[in-house]
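Contents: one structure, followed by commentary.
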Amino acid sequence: MAPKTHSPGRLIAIDGSRGADLARSADRLATALRAQGVEAVISRWDASGLFGELAQASERTSASPRTLSLVYAADLAFRLRWEIRTALAAGAVVIAAPYVETAVTFGTGCGLPEQWLRELLRFAPQPDVQCAARERKRDRGWKPRLDRGYPEYCAALFAPSSPRLVSRTARAAMIAALAAPRGRRVYELSGSGVDTAAKAIIRSRPAASSPGSSRPRSARR
């Protein structure tokens, strides 16, 4: 992962194994920050539209985990260029949901080398605060859905002969990996975790940051 760039804003990563939980956690954290007068915007996956185009082109034929990881990297590069860096430069708190760990933990669960995945995504700056989404329905695998999160999308494009890639065991392993320490604290956004994470984000902001900073047009609430 690339070193953190100097910016008046703050980059918050939220990663998770299920699209609905990830979106809900991002919304809750953004609401908690805004209640404290902090400008918070959310960068969501497929901002580039690449996944939508791939789904149309594939016509539900199978895609490999490696191909989907490459598309994820391209989409993240788009988000960084057109959403995340612009909002950070304007002094906003940017919640990237999902970010790097979602792609890495899901990819490793599909049999891809972790080192290859991290090299692929090394251009992404290190977040200031790392969070894990509140996970619901933990005892279930992924439903193949093109309109949900990254894992569900992948499940829709995987070959029918690969049920292990979408099993509840695979999802449980991903949840455990997302919550595991990686040399820094991971804030789990369940219960009081949202407030704890919000306080940590506010404490990390430069004193000169203004809560009323204007929101860039490219950022999304």
Side-chain angles (χ1 to χ4, degrees), residues 1-16 18-34 36-55 68-104 106 117-118 120-133 146-154 178 187 189 194 197-198 201-202 204-206 209-221:
M1 188 173 289
K4 169 151 174 53
T5 56
H6 296 289
S7 165
R10 283 293 177 265
L11 175 58
I12 315 305
I14 304 182
D15 291 286
R18 185 170 173 265
D21 296 333
L22 190 59
R24 188 177 294 108
S25 292
D27 290 339
R28 290 183 64 204
L29 182 58
T31 298
L33 289 168
R34 291 168 190 155
Q36 297 298 318
V38 176
E39 183 65 23
V41 297
I42 302 173
S43 171
R44 306 185 192 272
W45 82 291
D46 199 21
S48 66
L50 289 173
F51 285 103
E53 293 177 7
L54 177 62
L68 292 168
S69 296
L70 291 169
V71 176
Y72 189 97
D75 180 65
L76 182 56
F78 178 96
R79 292 165 60 198
L80 284 164
R81 171 64 179 84
W82 296 106
E83 292 185 342
I84 296 174
R85 294 188 190 278
T86 301
L88 289 176
V93 170
V94 183
I95 300 171
Y99 199 52
V100 170
E101 295 303 321
T102 295
V104 171
F106 185 78
L117 288 160
R118 295 201 181 277
L120 176 67
L121 299 168
R122 64 181 300 181
F123 61 84
Q126 181 176 324
D128 295 286
V129 176
Q130 181 76 49
C131 301
L146 294 172
D147 60 341
R148 293 295 175 88
Y150 176 65
E152 292 99 323
Y153 175 96
C154 293
L178 288 171
Y187 292 87
L189 302 181
V194 172
I201 293 165
I202 293 170
S204 75
R205 302 180 77 218
S209 293
S210 171
S213 300
S214 59
R215 181 170 60 93
R217 291 182 181 179
S218 60
R220 294 177 289 175
R221 286 185 179 274

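Position 1 is the first residue of the sequence, and the numbers go up from there. Predicted, not measured: the structure shown is a model, and the values here were computed from it.
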Taking all non-hydrogen atoms of both residues, which atom of Leu80 and which atom of Ala124 are closest, and how far apart?
CD1-CA, 4.0 Å

Can you see which heavy atom on Cys131 is nearest to which on Leu29, and at what distance?
SG-CD2, 4.4 Å

What residues, two or more places apart in sequence or in another chain, satisfy side-chain contact (heavy atoms from CB on, under 4.5 Å) together with Ala73?
Leu120, Leu121, Phe123

Contacts of type side-chain contact (heavy atoms from CB on, under 4.5 Å), residue Ala132, not counting sequence neighbours
Val186, Glu188

Contacts of Ser25 that satisfy side-chain hydrogen bond (donor to acceptor under 3.5 Å, both in side chains) - sequence neighbours left out:
none

Any donor-acceptor pair under 3.5 Å linking the side-chain atoms of Asp128 with those of Ser204?
no

If I take atom OH from residue Tyr187 and atom CD1 from residue Ile201, how far apart are they, to the nearest 0.5 angstrom?
8.5 Å

So does Gly149 get a backbone contact from the side chain of Glu152, meaning a donor-acceptor N/O pair under 3.5 Å?
yes

Short N-O contact, Glu39 and Arg10, less than 4.0 angstrom
no

For Arg81, check side-chain hydrogen bond (donor to acceptor under 3.5 Å, both in side chains) against everything at least two apart and list the hits.
none

Within the structure provided, determine whether Val38 and Arg205 are in side-chain contact (heavy-atom separation under 4.5 Å).
yes

Looking at OH of Tyr150 and OG of Ser69, how far apart are the two atoms once the value is rounded to the nearest 0.5 Å?
4.0 Å

Check: Gly16 main-chain N/O paired with Thr102 side-chain donor or acceptor under 3.5 Å
yes

Show the nearest heavy-atom pair for residues Ala47 and Glu83, with the distance to one decimal.
CB-OE2, 3.6 Å

Knowing that exactly one of Leu68, Val71, Asp46 qualifies, which makes a side-chain contact (heavy atoms from CB on, under 4.5 Å) with Tyr153?
Leu68

Residues Arg24, Asp21; criterion salt bridge (Lys or Arg N to Asp or Glu O under 4.0 Å); working and verdict
CA-CA 5 Å; Arg24 188 177 294 108; Asp21 296 333; 3.3 Å; yes

Measure the shortest side-chain to side-chain distance between Pro127 and Ile12 over non-hydrogen atoms and say whether it is less than 4.5 angstrom.
no

List the atom pairs, with distances to 0.1 Å, where a side-chain N or O of residues 88-98 and a protein N or O form a donor-acceptor pair under 3.5 Å, not counting sequence neighbours.
none

For the student: nearest non-hydrogen atoms of Tyr72 and Tyr99, plus distance:
OH-O, 2.5 Å

Heavy-atom closest pair (Ile14 atom, Ala133 atom, distance to 0.1 Å) is CG2-N, 4.0 Å

Can you give me the closest heavy-atom contact between Ala87 and Val41, atom names plus distance?
CB-CG2, 4.0 Å

Under the side-chain hydrogen bond (donor to acceptor under 3.5 Å, both in side chains) rule, collect the residues that match up with Arg28, sequence neighbours excluded.
none

Residues Arg44, Asp75: salt bridge by 4.0 Å N-O rule:
no

CG-CG distance between Leu70 and Leu50, expressed to the nearest 0.5 angstrom:
11.5 Å

